[in-house]
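Working notes, beginning with the structure itself.
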Amino acid sequence: MGTIIALGGGGDLLDYVRGSGEFREVHKVVYIGFASCNPEFGYNDMKNDLFGRFGIDVLHLTPQNALNSRELSERLLWDADLIYVDGGNTIQLMKTIRESGLDRVFAEIYEKSDIILSGASAGAICWCRYGNSDSLSFKGNEGKRARVSGLGIIDVLFC
C-alpha cells in the first residue's frame, strides 16, 4: 500500500519526505498542475527551486497530455518516485482527473506501488473522500465553500 502526503499548502515537501526516515530517496517527480490557473509557474518552481536544487528530475503532466495520451500519462506516473498535485481550483482538478481516467491509475498506484502520492490544498483534497473547497470563488462567489468529492483513497473530509 502506498503513502500519501496531504498538505494544507506551502511547506517544503522534499524536506518533509527526506526527513521522514521511512521514505527512500526521491529521484523523479511528476508535477500535476490541473487545478492551477498558471501551471507553468508551479512546474518551474518545483523544477528550479524545490526539487531541482537537489538534482531531482521533475516532469510535467499537462491536462492536454493526460486527456489525449492515457498510455503516455500512465507510463510517466508509474515511473515516478513521487507524484505532486498542486493546488488551485479543486472542482477543475477533479473533473480533469476523472475525464482523463487518472482516478483509476492513482488508485492502482496507491494499492500496488511505493510511489509517494502528495499534494497541497486542492492537490491534497484529491486523495480524500471529500474536501471543503473554495473553488466557487474562482467563478466570482467569494467566500462560498463547496464540498468536492475526491478520489476517496483516504476516507476523510479534508478542510
Side-chain angles (χ1 to χ4, degrees), residues 1-26 28-39 41-43 45-46 50-51 56 58-63 66-67 70 73-74 76-139 141-159:
M1 194 157 283
T3 299
I4 295 180
I5 300 172
L7 306 168
D12 197 342
L13 176 63
L14 184 60
D15 287 344
Y16 178 83
V17 170
R18 287 195 164 164
S20 177
E22 62 189 273
F23 296 119
R24 62 185 158 69
E25 286 293 313
V26 172
K28 190 177 290 183
V29 173
V30 173
Y31 171 84
I32 298 174
F34 299 173
S36 175
C37 59
N38 187 355
F41 176 81
Y43 167 68
D45 187 43
M46 285 285 189
L50 182 58
F51 291 105
I56 296 170
V58 180
L59 305 170
H60 188 186
L61 180 58
T62 66
L67 292 166
R70 289 185 184 184
S73 300
E74 285 189 41
L76 184 72
L77 293 171
W78 279 101
D79 196 34
D81 298 308
L82 186 144
I83 297 168
Y84 178 81
V85 181
D86 211 349
N89 185 330
T90 314
I91 295 170
Q92 175 181 305
L93 170 65
M94 295 312 304
K95 179 179 180 209
T96 305
I97 286 175
R98 289 188 173 101
E99 285 178 357
S100 66
L102 291 180
D103 50 347
R104 177 192 52 79
V105 177
F106 287 142
E108 192 174 337
I109 286 172
Y110 179 74
E111 290 295 323
K112 297 181 178 178
S113 79
D114 60 352
I115 297 169
I116 300 167
L117 302 174
S118 65
S121 193
I125 290 172
C126 79
W127 310 117
C128 303
R129 172 84 47 214
Y130 299 103
N132 186 18
S133 172
D134 64 351
S135 293
L136 297 175
S137 65
F138 291 96
K139 297 185 179 204
N141 296 310
E142 201 62 41
K144 299 277 185 180
R145 299 286 183 258
R147 183 172 128 170
V148 179
S149 294
L151 299 172
I153 295 173
I154 305 173
D155 193 19
V156 298
L157 168 64
F158 192 94
C159 297

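Lys95 pairs by the side-chain hydrogen bond (donor to acceptor under 3.5 Å, both in side chains) definition with nothing, not counting sequence neighbours. For Tyr130, the side-chain hydrogen bond (donor to acceptor under 3.5 Å, both in side chains) partners two or more places apart in sequence, or in a different chain, are Arg147.
You'll find the side chain of Val29 stays beyond 4.5 Å of the side chain of Met46, heavy atoms only. Using a 4.5 Å heavy-atom threshold, the side chains of Ser149 and Arg98 count as touching. Residues Leu102 and Arg70 form no side-chain contact, since every pair of their non-hydrogen atoms from C-beta on lies 4.5 Å or further apart. Between Val58 and Tyr43, the closest side-chain pair of non-hydrogen atoms falls below 4.5 Å. No side-chain heavy atom of Ser73 sits under 4.5 Å from any side-chain heavy atom of Val105.
A side chain to side chain contact (heavy atoms under 4.5 Å, CB included) with Ile83 is found for one member of Ile116, Leu76, Leu61, Ile115 and no other, namely Ile115. Only one option out of Phe106, Tyr84, Phe158 pairs with Trp127 in a ring pair (Phe, Tyr, Trp, His ring centres under 6.0 Å); it is Phe106.
Ion pair Lys28/Asp81 not flagged as a salt bridge, since none of the NZ, NE, NH1 or NH2 atoms sits closer than 4.0 Å to an Asp/Glu carboxylate oxygen.
Between Asp86 and Gly42 the shortest heavy-atom distance is OD2-CA, 3.9 Å. Nearest heavy-atom pair, Thr96 versus Leu67, reported as atom, atom and distance to 0.1 Å: O-CD2, 4.3 Å.
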